[in-house]
Amino acid sequence: MRADTEQEILKTELWWTALVIAIVTAIMLAIIYAGVVHHINPPSNIETIDPKTLHLTGEFTESNLGTRVEAGDQVTSRVVATQFAFQPQCIVVPSNRTVTLRFATPDVIHGILVTGTNVNTMIIPGYVSQVHTVFTKTGDLLMPCHEFCGLGHSQMWATVRVVPEDQFRPGPDGRASCDAR
Amino acid sequence: MKPAELREIDRPWRIWASVIIVSILAFSVVFGFLVLPIVQGRAAGLDAFTAICRAVGILPGSPAVKQPTSEAKAQPTTQVAWSTDLMRTFGRRTQAGAEIAQGCVACHGEHGIAADPQNPNLAGQSAAAIYKQLHDYKSGSRVHDVMTGIAQGLEDRQIVEVATHFASSARRDLDPTTAEVVDEDVIRLVERGDPSRGLPACNSCHGFNAGGPIETPTLSHQNREYLARQLQAFKTDARRNDIYTRMRSVAVKLTDREIERLATFYATTLSY
Ligand SMILES: [Cu+2]
């Protein structure tokens, strides 16, 4: 069909406008729903860290990564997102217990989500991204990088192994890793 | 039509467009700064006023939780930390660099191209890669009978000079009879990786201008025996100076056969 009168052009334009408005509205409603019902919000914990020396100082050195039970029985898991892998590539956490996940990156912006949970955050050079959560489902959950970080981005994923609380047995130093079980 | 008439036709559009935009803005402000903070703040135990102030940005968010300090040391990964100042020092080739390079001829060849394929070529390697490796030998992060001693004899400034020197030398020529030989399986690993094993493509880091880690060495035109030995070393944890297991995590997933074929590929095939 050729649209050659002013009327027909107007009609087509209005149809397309309506379609675009409908799509945008649907997306906005989904975001509002997530915000109100699932309490998804931007992180409020602002904590900086030097990305250049991340591997050299303190918390995010290679040997300090992974899950560890700390003072007050707090379970903390530290993960570094680097082009194009997570270190460690598998973390083990207990179910039905508050777990704190702390992420940092030495290179570029990454992002993570843990499938089937409300864990979803950006990982930005210079900042520590922290998430508190309770995993209710046990099993191996996939944690992909969801922010394009370079050519190897699509191969960048890790595993979150949620085990029942009674099977979560950290070693004497409080550490728990996927290999140990 | 006259401009006045056109403007008359436009008028309702202009008015309605403005009304719509202003109402969306008003809705967003009310929703984002009032409704959401109050709803979410209640769950976090914040009163409505504090929640709104935090959403608007007047009050700070939760203070950073003090983390238990860790005495974990970086050893033996590496002591190198990249900074723009350091990168800037890899400037132009100097006479001093050429003189230091004289001490490397015996093993790395006259122009940085080694005669013995067990030794790496340095010609055309990236300055950042040479710098990091020498620094790692010196600090003990990477260990080798000969290189450790040699690197310990070099000052930081000399490491920069010799790195710059070799980086600007011409690479080894490829044998034209093998340069075009293509091994499909290996090409797939090099260019696409293997998603089922979580194996990123080698060239997402090692490719020319790939944008991976700064210290990523160039592999093409390197010696086959040397490449295979390094991959085995990463695989068996004998070499562990790669920051955050970047190479170890890749190498453990490779079979011995793949290591051989990848080494052959980079040493012989014309790539990037
Ligand atoms: Cu990533």
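Proteins get letters first, then strands, A, B, ... in listed order; numbering begins at 1 in each.
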Any side-chain donor near an acceptor of the partner, [X] and [Y], under 3.5 Å:
{"X": "A/Thr98", "Y": "A/His132", "value": "no"}
{"X": "B/Gln133", "Y": "B/Asn241", "value": "yes"}
{"X": "A/Arg175", "Y": "A/Asn64", "value": "yes"}
{"X": "A/Asp107", "Y": "A/Thr82", "value": "yes"}

Name the region of [X], side chain, backbone, both or neither, that has any atom closer than 4.5 Å to a heavy atom of chain B.
{"X": "A/Pro106", "result": "side chain"}
{"X": "A/Ser154", "result": "neither"}
{"X": "A/Leu65", "result": "side chain"}
{"X": "A/Gln87", "result": "side chain"}
{"X": "A/Phe60", "result": "both"}
{"X": "A/Gln83", "result": "both"}
{"X": "A/Val80", "result": "side chain"}

Apply the test salt bridge (Lys or Arg N to Asp or Glu O under 4.0 Å) to residues B/Glu258 and B/Arg197: give CA-CA distance (whole Å), side-chain angles for both, the deciding distance (0.1 Å), then the verdict.
CA-CA 14 Å; B/Glu258 280 170 338; B/Arg197 283 185 282 173; 2.9 Å; yes

If you count heavy-atom pairs under 4.5 Å between each of B/Gly212, B/Ala201, B/Gly32 and chain A, which one has the most?
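Result: the option with the highest number of such pairs is B/Gly212.
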
Proximity breakdown for [X] and chain A, heavy-atom pairs closer than 4.5 Å:
{"X": "B/Arg248", "value": "side chain"}
{"X": "B/Val35", "value": "neither"}
{"X": "B/Leu36", "value": "side chain"}

Would A/Ser129 and A/Met122 satisfy side chain to side chain contact (heavy atoms under 4.5 Å, CB included), going step by step from the backbone distance to the final call?
CA-CA 7 Å; A/Ser129 306; A/Met122 302 288 294; 5.7 Å; no

Name of the residue among B/Thr89, B/Ile130, B/Leu134 meeting side-chain contact (heavy atoms from CB on, under 4.5 Å) with B/Val160
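Result for side-chain contact (heavy atoms from CB on, under 4.5 Å) with B/Val160: B/Thr89.
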
If we only count heavy atoms from C-beta on, is the A/Thr133 to A/Phe135 side-chain gap below 4.5 Å?
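Yes, at least one pair of side-chain atoms sits under 4.5 Å.
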
